[in-house]
Amino acid sequence: MSFKKRNVNCGQLLPEYVGSDVILNGWASTVRDLGGLIFVDIRDRYGITQVIFEPENNPALAEKAKEIKSEYVVWIQGIVRLRSNPNQNMATGLIEVLATDFGIINRSELPPFPVEDGIETSEEIKLKYRYLDLRRPELQKKFIIRNQLYQIIHEYYNSNGFLEVETPVLMKSTPEGARDFLVPSRINKGRFYALPQSPQIFKQILMISGFDRYMQIVKCFRDEDLRSDRQPEFTQVDVEMSFIDMEDIIDVTEGFFVKVWQDILGIDIPNPIRRISYAEAMSKYGSDKPDLRFGMEIYHLNEGLEHSEFKVFQDVIASNGLIASINIKGGASLSRKQLDDFTLYAKKYGAKGLAWMKFVDGEINSPIAKFLTEQEINYIKRNNYVAEGDLVLISSDKTERTLTILGALRLEAARRTGIMETVKNKYEFLWVIDFPLFEYDDETGRYYAMHHPFTSPMEADFHLLDTEPGKVRAKAYDIVCNGAEIGGGSIRIHDNKIQQIMFDKLGMSESEIEDKFGFLIKALKFGAPPHGGIALGLDRLVMILSGTDNIRDVIAFPKTTSGLSLMDGSPSDVEISQLHELGIDLLKKND
RNA sequence: GGAGUUGUAGCUCAGUUUGGUUAGAGCGUCUGCCUGUCACGCAGAAGGCCGCGAGUUCGAGUCUCGUCAACUCCGCCA
C-alpha cells in the first residue's frame with residue numbers, strides 16, 4: 001500500500017504555516033460528518049490536527065472521505081488555513097487543513113474499546129489490547145517523561161564522570177533476599193542461571209577493577225508477588241563510587257534529584273534534602289518511608305498510662321509494649337461505621353483492636369473512657385494536642401506493631417479525610433539514615449542483614465557487634481519521596497576481615513559463604529577500595545513525576561497482578577522437546 | 001499462602017437487597033437526514049452463554065457451593 005509521506009506532524013501546525021501545502025500521516029481520531037462538510041481529527045504522538053473536507057471545493061473527495069472511520073490510518077494532503085471557529089483548547093486549534101487529497105493506508109478493526117483520552121476501561125481489556133491503550137495521549141505523556149528522565153540520567157552521571165557499564169543478565173543464583181527467576185542452561189544440563197535482582201555484586205567488583213564511578217540503567221527481576229507499585233521486572237538507576245563516604249553518595253544523588261525536578265517539573269526542591277533516622281521515622285510515623293507532606297505524628301502514651309486500670313493497657317505496659325496514638329483533626333464527625341472500617345483496616349496489620357476517642361461539645365465519646373481516670377484522659381488530650389472535634393485513635397501492642405498499625409492508619413486517615421488530595425502536588429523528599437544493620441527473625445531465631453550482607457556497619461557501633469548486634473547501625477540510606485521509597489544504598493564493606501565477621505553474625509558457614517559469594521569474597525582480597533553506592537527506582541520515579549499511583553502506567557508492557565502478560569500470553573506452555581533439550585523434561589512427566 | 005472488591009451488549013454501567021412475563025441506559029457500530037463541527041446534532045436499527053461449572057427451586061442475572069480472571073491489600077519484596 002503506497003502512501004504519501006508526511007512533511008509535518010499532527011502537533012506542529014500553527015498560524016505561521018497558513019498557506020502551506022502539507023501532508024499529514026496518522027490515525028483518524030474522530031470523524032464529524034455534518035452532511036457534506038466533514039471534519040476529521042488526525043492524531044499522532046505529537047498532537048491532533050483538524051482536517052476539513054469541503055464539498056464546494058472538491059465534491060468527489062468529500063464523498064470519498066465518508067469512508068474514513070475512527071482509528072483508520074490515513075495520509076492527508078492539504079492547505080493550511082485559519083479556522084473560522086478557532087478551538088482554544090487545542091494547541092493546533094487556530095488552524096485547519098483543507099484536504100486536497102487523501103488515502104486510507106489501513107482500515108482498523110472495530111476497536112474493542114474507545115481509545116480517546118480520558119475514557120478508562122477495565123485493566124483486563126487495556127492490558128490485552130495494550131497497543132490501543134498506549135495510543136492514548138495521556139499514557140504517551142508518561143513515556144515522554146520517562147524518556148526525558150533517561151536523557152537527564154545519562155547527561156548528569158556522564159558529566160559527573162560516571163562510566164556506564166552493562167552487567168550480565170544471566171548470572172549466578174544467590175538465594176538470599178528475593179526469589180530468583182531461573183533460566184535453565186542447555187549446554188550445562190541441570191544447571192541454572194538466575195536473572196539479577198540487582199547488579200549489586202557486579203558493581204562492587206567493578207570498583208575493585210578500578211572503574212571508580214559506575215552507573216547503569218538496568219532491568220532487575222524479582223520473582224515475588226506483585227503490587228500496584230511492584231512488577232517482576234523493573235528498572236533501576238544503579239550507581240557505585242570508589243574512595244568516598246556516605247556524604248559523597250548523598251551529594252551526587254541530591255544533585256541528580258534537584259536537576260530532575262528542575263528540568264522536568266520546573267520545581268526547585270530543597271538541597272540538601274532533610275534527613276531523619278530510621279528510629280525517628282518509625283517512632284513518629286510508623287514507617288521507614290514516611291510521607292511527610294502532612295503531619296499527623298504518632299504520640300507515645302506509655303508514660304501517662306503506666307498505672308492505668310485498663311486491662312489492655314496494663315498488659316501492654318507489663319510486656320514492654322507501646323501505647324500510642326494519632327489525632328485525626330476534625331475526625332469526630334466520622335460515623336460509627338467509618339470507625340469500624342478503621343478498626344478493620346488496623347486488623348490487616350495485625351491489630352487485635354483499636355480504641356478511639358471523639359472529642360465533641362467538650363465531652364468525650366469513647367468506648368474506653370469508662371476505664372480511664374480523668375487524669376489519664378487529660379494526659380491523652382494534652383499529648384495529642386486535642387481540639388474540639390478531633391478524633392484520637394489509640395493502638396497498643398508490641399512496640400513495633402503499634403507503630404506499624406498507626407503508621408498505616410495515618411496514611412489511611414489522610415486518604416479518607418481528603419488530606420492526601422490536598423497535598424498531591426507537593427513533593428517531600430527525605431533521607432532515612434541510621435538503619436539497623438541486622439533485623440531479627442522470630443521464626444528462624446536468627447539475624448538477617450536488613451539491607452544486604454555487604455553493608456558496612458558504623459565504626460562507632462563496632463563494639464556492639466558481639467554484645468548487641470540488634471543495636472548496630474549500618475552505613476545505609478534510603479531516599480523517600482511522598483511516602484515512596486525511590487532509592488536505597490549503602491557503603492559496602494571493603495575490608496575482608498569485617499566481611500567475615502558479618503557472615504559469622506549471619507550464621508553463615510564457611511562452605512555456604514564460599515558457595516554463594518565465594519567470588520566476591522575472593523575479589524575483595526585483591527585490593528578493594530572504600531566504595532558504596534545507591535540504586536534508584538526508575539519506574540517509581542516516573543510514577544511520581546507523572547502523577548500516577550500505578551506502576552503499570554509507566555511500563556510499556558506490564559504484567560497483571562498474577563504475573564501474566566495478557567497481550568502476548570506469557571508465561572506459556574512450551575514444547576516437551578524444548579524441555580528435553582534443556583534437560584528439565586522430568587518436570588513435565590505428570591502432565 | 002491469605003483477605004476484600006469486581007465480572008451483565010464492542011466499551012462504561014444499572015438491574016442482584018425481596019428469585020417471576022420480552023434483561024435496560026449512555027457511548028460506540030450500522031442506516032437515513034444534516035455545510036462550521038471539535039465528545040457535532042437529530043431519527044431509526046442491529047447488538048446478550050448475565051465470566052465458567054455444579055446445585056437449590058415449578059422457575060436463577062438475582063440464592064448456595066466450586067472455579068477462572070482483573071484489581072487492591074496482608075504475608076512476601078536481602
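Residue numbering restarts at 1 for every chain, and letters A, B, ... go by the order of the sequence lines.
- B:U21 and B:C38 have their C1' atoms separated by 46 Å, with the value rounded to a whole Å.
- Between the base of B:C71 and the side chain of A:Arg552 there is no donor-acceptor pair shorter than 3.5 Å.
- The two residues A:Leu566 and A:Glu124 have their closest heavy-atom pair at CD1-O, 3.7 Å.
- Below 30°, between 30° and 60°, or above 60°: for A:Phe519 and A:Phe202 the angle between ring planes is between 30° and 60°, a tilted geometry.
- The two residues A:Ala99 and A:Ile76 have their closest heavy-atom pair at CB-CG2, 4.2 Å.
- When both distances must be under 3.5 Å, the Watson-Crick or G-U wobble mate of B:C58 is B:G20.
- Nearest-nucleotide positions on RNA chain B for A:Glu56 and A:Ser198 put A:Glu56 closer to the 5' end.
- In this structure, A:Ser562 reaches the sugar-phosphate backbone alone: every heavy-atom distance under 4.0 Å involves primed, P, OP1 or OP2 atoms, never a base.
- Look at CG on A:Asp133: it is 19 Å from P on B:G10, rounded to the nearest Å.
- Within the 4.0 angstrom heavy-atom criterion, base atoms lie near A:Ser84.
- Between A:Glu124 atom CD and B:C11 atom C1' there is a gap of 14 Å when expressed in whole angstrom units.
- Counting non-hydrogen atoms under 4.0 angstrom, A:Arg43 reaches nothing in the nucleic acid.
- For B:U72, the OP1/OP2 oxygens have a side-chain nitrogen or oxygen of A:Asn550 closer than 4.0 Å.
- Judged by atom type and distance alone, A:Glu96 reaches the base of B:G36 through a side-chain donor-acceptor pair under 3.5 Å.
- Comparing the same atom, C1', in B:C11 and in B:U29 gives a spacing of 11 Å after rounding to whole Å.
- For the pair A:Arg552 and A:Phe557, the cation does not sit on the ring face, since its NZ or CZ is not both under 6.0 Å from the ring centre and inside 45° of the axis.
- Using modelled atom types, one side-chain atom of A:Thr402 and one backbone atom of A:Asp397 make a donor-acceptor pair closer than 3.5 Å.
- Under the Watson-Crick and G-U wobble criteria, each requiring two contacts below 3.5 Å, nucleotide B:A43 is paired to B:U31.
- Between A:Thr561 and B:C71 there is a side-chain N or O to OP1 or OP2 distance below 4.0 Å.
- Look at A:Arg227 and you'll find a side-chain N or O under 4.0 angstrom from OP1 or OP2 of B:C74.
- Distance A:Asn58 CG to B:U35 C1': 15 Å, rounded to the nearest Å.
- Comparing A:Glu224 and A:Asp41 against RNA chain B, the residue whose closest nucleotide sits nearer the 5' end is A:Asp41.
- The listed nucleotides are B:G1, B:G36, B:A70; the one nearest the side chain of A:Asn85 is B:G36.
- Out of B:G1, B:C77, B:C71, the shortest distance to the side chain of A:Arg230 is found at B:C77.
- Comparing B:C77, B:G36, B:C30 by their closest approach to the side chain of A:Arg81 singles out B:G36.
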**Item:** CA sep, side-chain torsions, deciding dist, call: A:Arg107, A:Glu71, salt bridge (charged side-chain N to carboxylate O under 4.0 Å, His left out)
**Value:** CA-CA 8 Å; A:Arg107 287 161 203 270; A:Glu71 297 307 315; over 6 Å; no
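- Using the six-membered ring where Trp is involved, A:Phe503 and A:Phe517 have ring planes that are parallel, under 30° apart on the 30 and 60° scheme.
- Among the protein residues, A:Gln197 comes within range of no part of the nucleic acid, since none of its heavy atoms lies under 4.0 Å from any strand.
- Using a 4.0 Å cut-off, some side-chain N or O of A:Arg32 falls inside it from OP1 or OP2 of B:C40.
- A 3.5 Å limit on both hydrogen-bonding distances identifies B:C68 as the Watson-Crick or G-U partner of B:G7.
- Within the nucleic acid shown, A:Asn89 has no heavy atom closer than 4.0 Å to any nucleic acid atom.
- Evaluation of atom-type donor-acceptor distances gives no pair under 3.5 Å for the side chain of A:Glu54 against the base of B:U35.
- For the atom pair A:Gln77 CD and A:Asn25 CG, the distance stands at 11.0 Å (nearest 0.5 Å).
- At whole-Å resolution of the value, NZ in A:Lys348 and C1' in B:U5 are 11 Å apart.
- Here the C1' atom of nucleotide B:C77 and the CE atom of A:Met450 are 13 Å apart, to the nearest Å.
- Across all strands, A:Pro59 comes closer than 4.0 Å to no nucleic acid atom at all (heavy-atom distances).
- Comparing the P positions of B:G7 and B:U12 gives a spacing of 11 Å, expressed to the nearest Å.
- A:Asp223 has its CG atom 12 Å from the P atom of B:G1, to the nearest Å.
- Separation of the P atoms belonging to B:G4 and B:C50 is 26 Å when rounded to the nearest angstrom.
- Residue A:Thr560 places its side chain closer to B:A70 than to any other of B:A70, B:C76, B:G36.
- Taking the six-membered ring where tryptophan is involved, the planes of A:Tyr349 and A:Tyr345 are tilted, since the angle between them lies from 30° to 60°.
- For A:Arg222 and B:C76, a side-chain-to-base donor-acceptor distance below 3.5 Å is absent, hydrogens and geometry of angles not being considered.
- Taking atom C1' in both B:U31 and B:A70, one finds a spacing of 37 Å when rounded to whole Å.
- The separation between A:Glu233 atom CD and B:C77 atom P is 20 Å, rounded to whole Å.
- Residue contacts for A:Tyr349: at a heavy-atom cut-off of 4.0 Å it reaches the sugar-phosphate backbone alone, with no base atom in range.
- In this structure, A:Tyr448 reaches neither bases nor backbone, as no heavy-atom distance under 4.0 Å exists between it and the strands shown.
- Nucleotides B:C30 and B:C68 are separated by 35 Å at their C1' atoms, to the nearest Å.
- The partner of B:U12 is B:A25, judged by Watson-Crick or G-U wobble contacts that both fall below 3.5 Å.
- Put simply, CG on A:Asp434 and NZ on A:Lys475 are 12.0 Å apart, with the number rounded to the nearest 0.5 Å.
- The side chain of A:Ser122 places no N or O atom within less than 4.0 Å of a non-bridging phosphate oxygen (OP1 or OP2) of B:G7.
- Separation of the C1' atoms belonging to B:U18 and B:U62 is 10 Å when rounded to the nearest angstrom.
- Rounded to an integer number of Å, the gap from A:Asp33 CG to B:G36 C1' is 13 Å.
- A:Ile48 comes within contact range of no nucleotide atom at all, as no heavy-atom separation falls under 4.0 Å.
- At a threshold of 4.0 angstrom between heavy atoms, the contacts of A:Ile52 include nucleobase atoms, whether or not backbone atoms are also involved.
- Here, B:G24 and B:A9 have their P atoms 14 Å apart, quoted to the whole Å.
- Residue A:Arg179 places no side-chain atom within donor-acceptor reach of the base of B:G75, judged by atom type and a 3.5 Å distance cut-off alone.
- Contact annotation for A:Gln50: base contact, defined as any heavy-atom pair under 4.0 Å involving a base atom.
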